[in-house]
Structures are given as C-alpha cells and as structure tokens.
Visitor: 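To start, I am sharing the structure in question, which I have written as structure tokens.
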4 protein chains.
Amino acid sequence: MPDPIRFAVLGCGRIGKMHAEMLARQVPNAVVTVVFDVVEAAAQSVAEDLGALVAPSLGDAVSDGEVDAVAICTSTDTHVDAMVAAAAAGKAIFCEKPISLDVAEVDRGLAAVSAAGVKLQIGFNRRFDPSHKAVADAVQHGAVGDVHLCNITSRDPAPPPIDYIRVSGGMFNDMTIHDFDMARYVTGSDVVEVYARGAVRVDSEIGDAGDIDTGVVVLTHASGALTTIDNSRRAAYGYDQRVEAFGNLGKAASDNYHDFNSVLATESGYRRPPLQNFFLERYAQSYLDQWDAFVEYVRSDRASPASGADGRAPLVIAQAAKLSMTENRPVRIADIDFGE
Amino acid sequence: MPDPIRFAVLGCGRIGKMHAEMLARQVPNAVVTVVFDVVEAAAQSVAEDLGALVAPSLGDAVSDGEVDAVAICTSTDTHVDAMVAAAAAGKAIFCEKPISLDVAEVDRGLAAVSAAGVKLQIGFNRRFDPSHKAVADAVQHGAVGDVHLCNITSRDPAPPPIDYIRVSGGMFNDMTIHDFDMARYVTGSDVVEVYARGAVRVDSEIGDAGDIDTGVVVLTHASGALTTIDNSRRAAYGYDQRVEAFGNLGKAASDNYHDFNSVLATESGYRRPPLQNFFLERYAQSYLDQWDAFVEYVRSDRASPASGADGRAPLVIAQAAKLSMTENRPVRIADIDFGE
Amino acid sequence: MPDPIRFAVLGCGRIGKMHAEMLARQVPNAVVTVVFDVVEAAAQSVAEDLGALVAPSLGDAVSDGEVDAVAICTSTDTHVDAMVAAAAAGKAIFCEKPISLDVAEVDRGLAAVSAAGVKLQIGFNRRFDPSHKAVADAVQHGAVGDVHLCNITSRDPAPPPIDYIRVSGGMFNDMTIHDFDMARYVTGSDVVEVYARGAVRVDSEIGDAGDIDTGVVVLTHASGALTTIDNSRRAAYGYDQRVEAFGNLGKAASDNYHDFNSVLATESGYRRPPLQNFFLERYAQSYLDQWDAFVEYVRSDRASPASGADGRAPLVIAQAAKLSMTENRPVRIADIDFGE
Amino acid sequence: MPDPIRFAVLGCGRIGKMHAEMLARQVPNAVVTVVFDVVEAAAQSVAEDLGALVAPSLGDAVSDGEVDAVAICTSTDTHVDAMVAAAAAGKAIFCEKPISLDVAEVDRGLAAVSAAGVKLQIGFNRRFDPSHKAVADAVQHGAVGDVHLCNITSRDPAPPPIDYIRVSGGMFNDMTIHDFDMARYVTGSDVVEVYARGAVRVDSEIGDAGDIDTGVVVLTHASGALTTIDNSRRAAYGYDQRVEAFGNLGKAASDNYHDFNSVLATESGYRRPPLQNFFLERYAQSYLDQWDAFVEYVRSDRASPASGADGRAPLVIAQAAKLSMTENRPVRIADIDFGE
C-alpha cells in the first residue's frame, strides 16, 4: 500500500468539517495533517477530534512540508487567493464550488494552477453520485447513442434563509449551477446557447430580495443536444433530483431516494414515504466517492474528473441565463464570454 | 391466409358469451358458426349479436359439419359429457377449467379424447397472461437456472357470494387451483407433496359454510423445487396476483396492474391508485392470447399449451391440500392419486 | 335506460373504423346508424360488419332523421365543411383533431357550431387517458396547490412515413399539438408565450422534407406556470408519454406502460420489457372513455370536456412555436392571434 | 444535554469494532470508555483509534466505575458469562444475537438479568431498519387491520465459508433466526407451530457439512396469522430482504435497495443495477438506529425494543424448525419448550 496523501483542510465550517472527517476516517489512503480556519476555535475542535495540527495561518497550512494536497473549503470569496497560494506551494488542490462568482477571478486562479502545473479538482460532488454517474457513464459508453435530449429536474425541499439568498448571487449561480455542470457532464458537450425563464412562486420575500425561486432553462449544446432544466426552491415531497439523457439508442435516467423503502396498500391506494430531504443525506455517498476519485486522480496520469474548465463553464452559463431571463431572449455563450 | 377455424360455443353464460365475442371479433382466423345454451334465449341473443346459428341441442352443435372446434363453456358438471361428445365427433376441444371436480370423471373425459386422438386445451388462461408467461418463459429459457423456490401470492379483491362458496368445492378447488397450475407451469415440474394450512379470517359466514378464506400451501416438486402459495379471499387494495421463480442464476417475477399509472407526491408521501380489481379486466389480454394459442395449437404439430394432464393435476393437488389441512400433515400426491 | 344515441360516422379509414366499432360494440347507449366514406367500399365493409347503413353522400349522412350525433373522422381538410353541415342539421358533433390546420377555417367551423347552438367535442383523446386525467384531476382538486411547473415528455416509438411528414403541417402541428393541449388541460391555464427549439437528429430525410424530429418547447401560462415539452420522433424503448404538474403542495405525474409487467433479476441487474409502442394499444382506454364522456356530455348540461376553443388554442400555439423556432425568440400568442 | 452514556465494548472483531466506532463517532450521547478483547492487539487498535482505554480483563471492563453500559460483541459461546457478569455489576446490557445456541444457557443469562433488575437489549438490528420498521409500525398503528398473512423473503448474496457453516448451528439458527424474529416483530404475535422444509440446492458441500442452503418455513401465530418464510444462501442478484404483512385493511411491505438508482432503457428493455449485496451496507442505518434506540431505552421507562424474551423465542422456533424438517411434520412450540 502506498503512503497516504497528506491533506491540509482550509475552512472548518459545516462543509470543511465534513470533508476533514471523511478524509481522516473514511477515505483510504488519506490523512489530515493540518487544518486552518479564520475562527481558531473551529479549527481547534476539528484538529482535536481528528488528531491533526492547527496551522497558524492559511499560508502556513498550504506550504507545510508534511502536506501533499490542499482542500479549499473556506468562504467563496477567499477561494482564489487560497488556490493561488496552494499552486505556488506546488500542492494538489481540491476546491469547493464555486471557484468564485467573478469569472475574472476564476481565470486568475486557473492561470496560477496552470503555471504551477499542479492538479486541480473542483467540488462538483453530484458528478460522483452513483445514480447520476451511471447516467453519464451510460452516455460515455455509447449505451444511449448520440444524445438528442437531456432533462434535468432539480428541486430543493425548502429555500435557504433569506439572508443567504441576498448574498448567493441568485438562484442560477447558487442552485442551477449544479444543473449547468450536470448538463455538460452528462451530455459530454459544451453549452453554446441559453434561454431562461424565472418566476417568484414559492415566497414573495425571495422576489423582494431580487431573486427568483422557480425557473426553467433550455441549453443548446455544441453537439446539437438540447437540455431542459426545471428548478424550484421548494418541493413539498422532498429533495427531487433527476437527470435523463435521451439518444438514438435509448435513455439513461437517475431517480430519487425515498426516506425508506416501504409501501402501505389499502383500499385508498399505495403509499410510499416522501423523498429524503437533506442534501448531506441524499449526497453522502457522492462526497465519499469524490474523495476516492481525487486520491486516484492525484496518483494517476488521468485527467481531472472535474477540472478547472469544468468549474468555470457553469459560471459563464449562469451569467448568460441571468441575461437571458432579464431580456427574455436566447443568449449565446460566445457573446458574453471572452475568456481563455 | 388459411381458412378460419369454425367454432361451436357451448354455454352462453358470462364466460361463454365473452369467449364467443372474442372468437367472432378479436381472434384472427376464428369464426363462430353455432352456439348452444340450455337457456335458449341466451344462445339466441349471442347468435344474433355475432351472426351465428343456434344449435337445437348440444349434440347437434358438436356434430355440426361446419364446425372444426368446440369451446366447452357450460357448467362444470356437464363438461365431461360435452368433451366425450366432441371427441366422438372428432373436433378439436377447448374446455373451461375445471374439467370436473371428480377425478374419475376427468379420467373418463381424457380417455375419450385420447381414444379419439383429438386436440384438447384446458382454459387455464393465466398461463397466457403476458406477465406470468414471461416468468415461465424465463425459466424455460434457462434465465434463472435451476428453480429452487417459487412464490405465488394470489388474493382476490372480494369473496364470491356465500351461495357460490357452498357449491364451489372449497377454496383450494375454486381459487388455489389456479395457483397449483401456475406452480407446475412456472417451475416446469410436477408436484409430489403438499402441506396446507387454512383459516377463516375474512368472513365467519364462509367458515359456517364449511370453507376457508385464508390459506398457505407449501408444494414440493419432483425437481426438488419448493413452492409457497398464499391466498386470501379479500385484499382491500385490489386483485393481487404475483408469481416469482427463483433459481441459481436469479429470479423472474410478475407484478400487478394499478387502476391507472399516476402518482401524487405531497409532504405526506407518494400515492398510487389501488390495483385493478376485476378479473376480466386484469386478465383480458390472457383470454385473447389463450385463443391465439389455441388456433396455433390446432394448426400445428405442437403439444397442447394446457393439456388434459395439466387440467387433471391441479385437481389432485387440491384434494391433497384438503387432506393435508384437515389432518395437519404433509400429504404425498402418490398416496392419494391412483390415476393414469 | 334511455334510448341510445344514434351516430353517423363520417370517414371509414383506420381511425373512423375504430370509432365506429367502439360505438357499435363497446359504448353503452350508442348505436351506429349510418356510415359514409368517399371510398364506398370502405363504408360498405364497416356497415356490413356493424349492421349499419351506408349513406350515399356526406350530406345525406348528417341530415339523416335517424341520426342524433355525427362523428367526423374524415381527412383533416374536410373537417370544417362536415362540421358546418352537421351544425346546420342540428346534430351533436364529435370532430377528430385537428379541426383544421388553418385557423381561419377553424373559426368558420366554430362560428357555425355557435350559431346553430349544437354540442361539439374535439377528439383530444389523451385528456381521457386515465393516467394523464388523474394528473389533471389532482390539479383541479387542489392536491398540488398552485401549479408552478409542468413537464411533458412525449416521444413516439418511430417516425411516420416521409410522405406523411410532408403533408403533416410539421412536427409542432402533428405531434406536439397533443402536448400543447395537455399543457392547457393539466394546468387549467391558457398559454401566453412560447419559446421553441427544433432539430433534426433522428433522420436527415425528415430535415430534407422541411421538418424537424426533435424539439423542446417552453410555454408561459396566463397563471404564471411554466411548461417544458420535449419531443422526439423516435424513442428506441417505446412510446414514452409522461406528464407532471408541480405546485406548492406537491406534484402529480403520469407514467408509461411496459409491454408486460415482469422483471428478470440476475447478477447483471434487473430487467423489464420495453414500453408499449403502438398508440392504439397505449391509448385504447382513452378512446373508450372519450366516447363515454361524449355520451354523458350530449345527455347533460355540462360543458364540453374538449370544446371548440380547446381545439383551436393548440393550433395557434403551434403557429407561435413554428415562428419562435424560425426566428429563435420567444413569441407572444397575442402577437399572432387575432381571433375571437 | 444529559451526560453521555459510557460504554464498555467487549469484543473487538468485525462487529465489535463497528459498534465501538459507531458509539464513539456517530451516536449522540454515547462515549466508549473501555474496550476489551481476548486478542489484546485487537483491543489496542480500537482503543487507540477511539481514544478509549483497554481493560485488562472482561471482568475489569464490566465492573469499571466509569462505565454505564456494556456492549457484548464477543463470540457467541461467551455471551452468557459476560451477561451474568455485567448484570452482577449493575450495568445496562446490549448483547449481540444469538444470546446462545443453548436455550438453557439463555435462561441462565436472562435469570441473572432479571435478578439484577438491569436493562437488556438484544442485537436484532433488522427491527431498526427503517423499511422493515415501517411495516411493523403500520401493523401496530392498525393500518393493515388484523394480520392474516405475513411473507418474508430472506436471501443472502452468497453463502459463508464452509468452515463457518460447520459451527453455525445450521441455517435455521444462523440465518432464518432473523426471520423468526421478524415474524414475531411484524405480526406482534408469538409463534405456536412450525412447519419447515429444507434442501441443498446451492452447494453440495453445504450438504456434506450437514446443513441446508434453501428452505421454506410456515409459522402459525397465537393470533391465527400465518407466516411464510423462504430462504436461500445465494441470490445471484444481491441481498434480497422483503417483509410483507397482510390484513383485512391492506398490506405493508418493505423492499430492497439497488446498488444505485438509475435505469437504462433501450429497445431490449429497461435495466436497473442489482441489489446491494453486503449486509453492512444494506443494514448500516439499522445499526445506527439500534444504538439510538438503546440510548433512549436506557434513559426512559419504556420496555426494551428487543428484550431477553425476544432474544430467546427465535432460538426455540429454530429448534422446532429443525425437528420439523427432520421428521417432516408440523411441530408445536409448546411440545419442545418447557422454559419460563
């Protein structure tokens, strides 16, 4: 067995703590050497729990000689600085999504990674969900033939707090961004045009905050495939996440998980429980599989399973969607993206 | 296209009328030439509707020169006489199940068929239900390997009238008989031993009439396969009919049909409608496919898809089941059947 | 029991013959008195089979004193003339969809119906499919709350002959028209704006004929609900027809029917058969229920379950969709429809 | 928040280690204070990992003043001695199943628990599986009415090593014992009679070792309910575990989990992956919920969710099943059990 990969985990909030615990306890060939958080107590608590050290600064964490890889789980606005520092230190990098809400900032981070020649994987965990992954795999193996249509239903069980909504960058950036990534991942083709409609149907407070809570998007891919996405911030029956890829040979589709797997049949019909309704529960396996993929990526010569370009593209699509919705017209990606 | 097979339909009650209409209107290569019923008005009505003639007697019907095949749909106690007459006239015979409740009578009928060398198919329509048939086909094609276990759930939506129960010959003869046939059909192996438990749980009036309404049967097959059957006269959620064959390579299983195919999902869960609950609705396709199979059987050199022996065996198993239940012990078929 | 409704069936092609047979044999309280077809032999054959008379002309058929209702099943371009004649004769009218591909012609027909004060039901049979109807009923009964999103997947098993494609009026008029009706029916709200994308992915010959075979449409309803429709002329796995209505209280969704209802489980997984793939098989029940609804409509004071306005609206939406696709921009219904 | 319950974990093999890790890391209000194993290195490894102490002897572990509860996860033959010691020390006890294969020994253990007045919960984890539990809950809440029938399908993905089979006490004691417990748990009624059939179909080596690998059992409950159980040591398609309770108002049924939740549809049909096939994966949630239930039980005045009597009854049923199979006759529980 090879030496384990030694991680510095940056950010010990909800998601950082989860990643640190997984790496320390559930991921083969991974150890957590140091952790860092701007709130020292948060770092201290995780470090004690996992037998790791607390780094005095982010710079110390990323340049630690006992560290092979850096997991960036800090707040979004600090991702790029951390990425640049980790790249300069020559470490392999895992970065939570989104890299940044500012595409120019994203480009600065990716340029640093590219210049340093280090590895980078973006935290699009849904790519590693076994059910969604099976759809992408079926497409890649040719089981559905050429993809003609892709349908993504993505509905949250409940909207986030209104204070979060205000700083989220809008529903397309905060929620649909996963679906933009999923569309590229599943079809294996870039997006060239976007048409988006949005509405406030769930909660007028969300509208007052300048955002939408209901949306429909049509994507045209470079391959000619067409994707539909429908979103809602509130599905009464739980966390509804389905992806379907349809082609000339058939279709592959992922389905949801119910709270438990039983049925009650009476003269009024058959009844099953609602869907799981917490993303950490629904996507627990995807987070683990994401780390296994990272370890394998760092150890191999393969391409990143969620590259910097994969992290950048959905941000541009989200911008196009916003513009499309505002002006009620289809928007070509080439007309708004001058990057790379 | 060959000349159609010309049928005499004996018996114009509910099931006879259904068969006559199917033969006249929905079965390719079949026509109804004459019909007969002891109630002449019943025969008259069907004949007019279908453009057939009314035979003055059962004997005239079966010996009609314009008739190739006889469909025996009269009351059970007259089946064997009709079979003997039709055999003597050299016609191909379709006979509704059961041939008779008296095994000696059955043997008299089968002997006549055998002596005349005519074709005979028994009306075990469930063999032609596409879902159950797919289970039997999977076994026959080797898809599940050697069959180790077979599970049959067979529950009616509601008990028949108590007057019918009184003359039905008991639940094992009236209802489980389909499952005994299904067990032989699906496993492709004869039954050598039976253990049966019965209870009155649905309606005490059924118990007062000397019958049971709930039962469990274990069958041991010649191949070593074990079958479980569970029966109830009343499933609140509809007509529950499932068959599963399990072997060393896997399993094949049939499932039910709901009233319609929709779901309602709310915060209290997912809801589908109850099951279809009328056997003519549930098994409509099987009746049609049964006729197609009969036409093909008459025209070809193949074996009967539901032979006289197939009609006889379940009656013997039902007798063994009754004895097993009464004495609460397993009963070997060889100990009660001295036939053939 | 009331006197049955006496029908004149106009047109004895595939669909007319099916309707005539259903009316004569399977619909309670309906009889077929006369039939007509421009090909006399076609009319003769149906008439003989059902014991009806052949009318010497369409005019004779609609004005027959022994006729209460007229079923218009002729070719599309003759619907309006037949409707005007039947209205003038004071008969109740059932008219196959589409009324006409020309909205002005539709308006002429509806004006005649209105002037005569006769009843009219358009043949949008999918409204009567029990699974789709359950979705509409759930919405109408408030079970899903306010509708926010509606998703319609509608994929045929195989494209029609290219000669048919050439005269079909294009995919939106020929195929999506059902989905436009479904969107209005299920949401209970008119459409105010359309955005459509089309592509040729299934067969380049379809493109050569000036049509598309793959499409995605977004509809905005007067209520604010958003509908997505995705279409393909060829689904390798069968006839894929699903409708989902999502609102603040949950969702209602219809699903497909497989060829039969069995599963084979082996070490390589669970396998079910493909979907039913002929529309007459998939929608058989809907055609019967459509006639029951017509009989009830004629006998009662209720509104038409598929009125003239319901027949007209999808034609206008289809025009808007065509324009939207051509100019790649959303099109408002009000900008192209100056009717009523 | 109350003080956490402090555990001594006895036995650090596969199952003991799993329990210790869950208690230390995933169960709220639980800590692991000491661990013990006859193989000191095993104890040492777990202790280090979890920050617990290694007890020099089992006696030291159970009498430790810093311990509130003892988890007995040692080999089956040492359970009763450990139980007696823990009872003497006044600790709450969790004991893995089976308590012992010797009913007299079980009675010695239960007597000690009873005399000491300590709490006891047996490790029938499947009672806490959310899907099976929902079936039991539905029965208990009256949703299916009086239970008439109970069907349990329980098939392992692969047989254990032949060396394990030899010391397992036989399939009824080792595997069906879960189903005997499930039948009592789900129906809420004791078993009064057993009929069992067994066969060697999977592997003749199992037969050579004196055991069976395929079985069918019929249980008669005190309530009159009838249970069928079918078992196989090898289901090619994964771990097949289903429970159904049927009564006068309907049925409740649990179903399996597939490896992932996707479908591939092509012209050859719909395909889903096989079932999960490792019991730690299939039942992971049940083990966690079992600990939550234990903590709640220790803290409350409620009855044990899996009492000593619940641990004893399946052992007696297994003896009866063995006798029934050997003599091929139904065996009454009262005829072999003279306990309590």
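Keep in mind the model is a prediction, meaning the values are calculated, not measured. Naming: A, B, ... by sequence-line order, numbering from 1 per chain.
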Visitor: If you take all heavy atoms of C:Pro130 and C:Asp289, which pair is closest and at what distance?
Guide: CG-OD2, 3.9 Å

Visitor: Passes salt bridge (charged side-chain N to carboxylate O under 4.0 Å, His left out), C:Asp129 versus C:Arg126? Steps please.
Guide: CA-CA 5 Å; C:Asp129 174 75; C:Arg126 292 190 194 174; over 6 Å; no

Visitor: Between C:Phe172 and C:Phe180, what is the ring plane arrangement, given parallel below 30°, perpendicular above 60°, and tilted in between?
Guide: tilted

Visitor: Please flag which part of C:Val147 lies under 4.5 Å from any non-hydrogen atom of chain A: side chain, backbone, both or neither.
Guide: backbone

Visitor: By a 4.5 Å heavy-atom criterion (distance strictly below it), what part of C:Leu249 contacts chain A: side chain, backbone, both, or neither?
Guide: backbone

Visitor: When heavy-atom pairs shorter than 4.5 Å are enumerated against chain A, which of C:Asn248, C:Leu149, C:Thr214, C:Asp146 gives the highest number?
Guide: C:Leu149

Visitor: With a 4.5 Å heavy-atom cut-off (strictly below), which parts of residues 215-243 of chain A touch chain C? List them by number.
Guide: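 The stretch touches chain C at A:Gly215, A:Val216, A:Val218, A:Thr220, A:Ser223, A:Gly224, A:Ala225, A:Leu226, A:Thr228, A:Asp230, A:Asn231, A:Ser232, A:Arg234, A:Ala235, A:Ala236, A:Tyr237, A:Asp240, A:Arg242.
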
Visitor: Under a 4.5 Å cutoff for heavy-atom pairs, which residue among C:Glu193, C:Lys251, C:Glu244 has the most contacts with chain A?
Guide: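 Among the listed options, the one with the most contacts to chain A is C:Lys251.
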
Visitor: Should A:Arg184 and A:Val191 count as side-chain neighbours, where that means a heavy-atom distance under 4.5 Å?
Guide: yes

Visitor: Using distance alone, with no hydrogens and no angle criterion, decide if C:Arg197 and C:Asn328 have a side-chain donor and acceptor under 3.5 Å apart.
Guide: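 Short answer, yes.
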
Visitor: Taking it one step at a time, do C:Asp310 and C:Arg127 satisfy salt bridge (charged side-chain N to carboxylate O under 4.0 Å, His left out)?
Guide: CA-CA 11 Å; C:Asp310 293 329; C:Arg127 290 186 171 219; 3.4 Å; yes

Visitor: Determine, step by step, whether A:Ser189 and A:Thr187 satisfy the side chain to side chain donor-acceptor pair (under 3.5 Å) criterion, reporting the C-alpha distance in whole Å, the side-chain angles of both residues, the deciding distance to 0.1 Å, and the verdict.
Guide: CA-CA 5 Å; A:Ser189 174; A:Thr187 63; 4.9 Å; no

Visitor: Determine, for C:Phe246 and A:Arg155, whether the Lys NZ or Arg CZ falls below 6.0 Å from the six-membered ring centre while staying within 45 degrees of the axis.
Guide: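 Here A:Arg155 passes the 6.0 Å and 45° test against C:Phe246.
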
